[in-house]
Asks: 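First the structure, then my questions, so here it is.
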There are 2 protein chains.
Amino acid sequence: MPVKAHNQETRARLLAAAAEVFAEKGFEVASVREICAKAGANVAAVNYHFGDKRNLYNTLLNQLFADTWNKRAPLLPASAPPEARLRAFIQAFFDEVLSSDYDERGRAQAARLYLLEMARPSEALTLIVRDYIRRDAEEIAAIVGALLGPSASEAQVTLCASSVVAQVLYYLQSAAIIACLAPDAPPPHRRVAQLAEHVYQFSLGGLTRLAAAPPPAKGETPC
Amino acid sequence: MPVKAHNQETRARLLAAAAEVFAEKGFEVASVREICAKAGANVAAVNYHFGDKRNLYNTLLNQLFADTWNKRAPLLPASAPPEARLRAFIQAFFDEVLSSDYDERGRAQAARLYLLEMARPSEALTLIVRDYIRRDAEEIAAIVGALLGPSASEAQVTLCASSVVAQVLYYLQSAAIIACLAPDAPPPHRRVAQLAEHVYQFSLGGLTRLAAAPPPAKGETPC
DNA sequence: GCGAGTTTAAAACAGTCGTTTAAATTGTAA
DNA sequence: TTACAATTTAAACGACTGTTTTAAACTCGC
């Protein structure tokens, strides 16, 4: 059990290689041997530095999400007008979700690992949600709540917040179909600006409509 | 090469077992041995009846998608008012995406296999898109186009159609996070009616806003 | 009942999997 | 240099993978 490691080089190379392989194939299909080969390390290196494959995966996910979350564009303060906050949130969300492999490899890998975790959740997802995603959920809920007004119910805020984030996540989680349906169109990550503006306008329309006509309390009929 | 098969029983049992195992673990993680065991068949049965594992998977996907697509609630004709068509489309889409494992096992399996194909697309996805998904894409595009009016550009129609389907797919593709963020809330498939109504209202708001203020032609400034 | 064709069965094929072992190597401090 | 711990290495572990082989069991028309 190495208490203090003298040489962390191969450990870092293992993490980098693991990011590539896990992001491409997912936890179970990825093989320790391929990761070690790509890192130029021995097969036993994973078990020496991380104990086992699962711990390498969890360590990687934590590091990757921490890095990308910290590098995110700062959100607007709660004192800013809610429209501007919504616009900034959508933009930052798109930047994070649709980063290209070329100039933001780390973010793109985090997005892909997130996608794979959605399809087949593992124990790591719980921590990711608690440490990172929950903050975003609360942020967008606050923004949407400000736009809907104080009369909006908590359920309605959640529904509208879901509608906003859904429109962004769609371009990550349905990328395979988008590319298949319109193979000649430029890929989504080349038109984040256009997409962000559209989602902002579309969401503002939905929010103002629902703010104007709040639904009756459930189970009761309006007077 | 069996030209005419006398006994298709085990073939059918293999397909049923494959649906369960593939839907749970995905193509690569699922094992032929587990499928055969669950079907009460010999290990060689898959290769005898389907040639190999990949062909079993493709056959299953085609059959499953054909079945669920045919059992779908009929869509409204193009002559119906576009608002009603949008409402019916969203409802039918939700019914298909959020079917419970208990009373609509086939649909739920198809939805899960779809989710797994999104995360790690295989050759089968191309056929699924061509034979089934493309029709839905054209249907929702026609509905959205009618609601936006004739002045809407093709790109704007695609963006708005994406915003609509994204709100539905969200509850399939982010189910893991939804359950994690609100573990006590009733699962989405128990409140399809509420969700469908919300997505309809939210989308109508977004569509009317974008219909009222069409964006300028790209690259040019409005007069 | 017979033989042809279809379906199942057990066993083995050559690989890959994650992990472990034990020896060899490296780097550092006394 | 010696001594010791940290790291890397090659080799092997048993278990599992998809697929194939070979033979046995079945089902059918005759």
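Proteins come first, then strands; the chains are lettered A, B, ... in the order of their sequence lines, and each starts at number 1. Atoms considered below: every heavy atom in the structure, side chains included; atoms not considered: hydrogens, waters and symmetry mates.
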Asks: Hey, can you pull the residues of residues 28-36 of chain A with a non-hydrogen atom under 4.0 angstrom from DNA chain C?
Replies: A:A30, A:S31, A:V32, A:R33
Asks: Tell me every residue that passes salt bridge (charged side-chain N to carboxylate O under 4.0 Å, His left out) with A:E197, counting only those two or more places apart in sequence or in another chain.
Replies: A:R87
Asks: Can you list every pair that meets ring pair (Phe, Tyr, Trp, His ring centres under 6.0 Å) and has a residue in residues 102-144 of chain B, with sequence neighbours left out?
Replies: B:W69-B:Y132
Asks: Which residue pairs pass the salt bridge (charged side-chain N to carboxylate O under 4.0 Å, His left out) test with at least one member in residues 129-140 of chain A, sequence neighbours excluded?
Replies: A:R72-A:D136, A:R85-A:E139
Asks: Taking the side chain as every heavy atom from C-beta outward, state whether A:V199 and A:F94 have any pair of such atoms under 4.5 Å apart.
Replies: yes
Asks: If the condition is salt bridge (charged side-chain N to carboxylate O under 4.0 Å, His left out), which residues does A:K25 pass it with, not counting sequence neighbours?
Replies: A:E34
Asks: Under 4.0 Å from OP1 or OP2 of C:dT19: is there any side-chain N or O of A:N47 that close?
Replies: yes
Asks: Expected output is a numbered-order residue list: members of residues 50-58 of chain A with a heavy atom under 4.0 Å from any atom of DNA chain D. What is it?
Replies: none
Asks: For residues 49-61 of chain A, pull every pair meeting salt bridge (charged side-chain N to carboxylate O under 4.0 Å, His left out), keeping only residues two or more places apart or in separate chains.
Replies: none
Asks: In whole Å, what is the span from the NZ atom of B:K25 to the C1' atom of D:dC16?
Replies: 12 Å
Asks: Given D:dT8, is OP1 or OP2 found less than 4.0 Å from the side-chain N or O atoms of A:T10?
Replies: yes
Asks: In terms of side-chain heavy atoms of B:A44, which of C:dT7, D:dT20, C:dT21 is nearest?
Replies: D:dT20
Asks: For A:Y170, which residues count as a ring pair (Phe, Tyr, Trp, His ring centres under 6.0 Å) partner, sequence neighbours excluded?
Replies: none
Asks: Look at the side-chain N and O atoms of A:H49 and state whether any lies under 4.0 Å from the OP1 or OP2 oxygen of D:dA6.
Replies: no
Asks: Rounded to the nearest Å, what distance is computed from the OH atom of residue A:Y48 to the C1' atom of nucleotide D:dA10?
Replies: 17 Å
Asks: Does anything in residues 107-116 of chain A form a salt bridge (charged side-chain N to carboxylate O under 4.0 Å, His left out)? List the pairs, not counting sequence neighbours.
Replies: A:E104-A:R107
Asks: Starting at atom CG of B:N42, determine the distance to atom C1' of D:dC26, rounded to an integer number of angstrom.
Replies: 15 Å
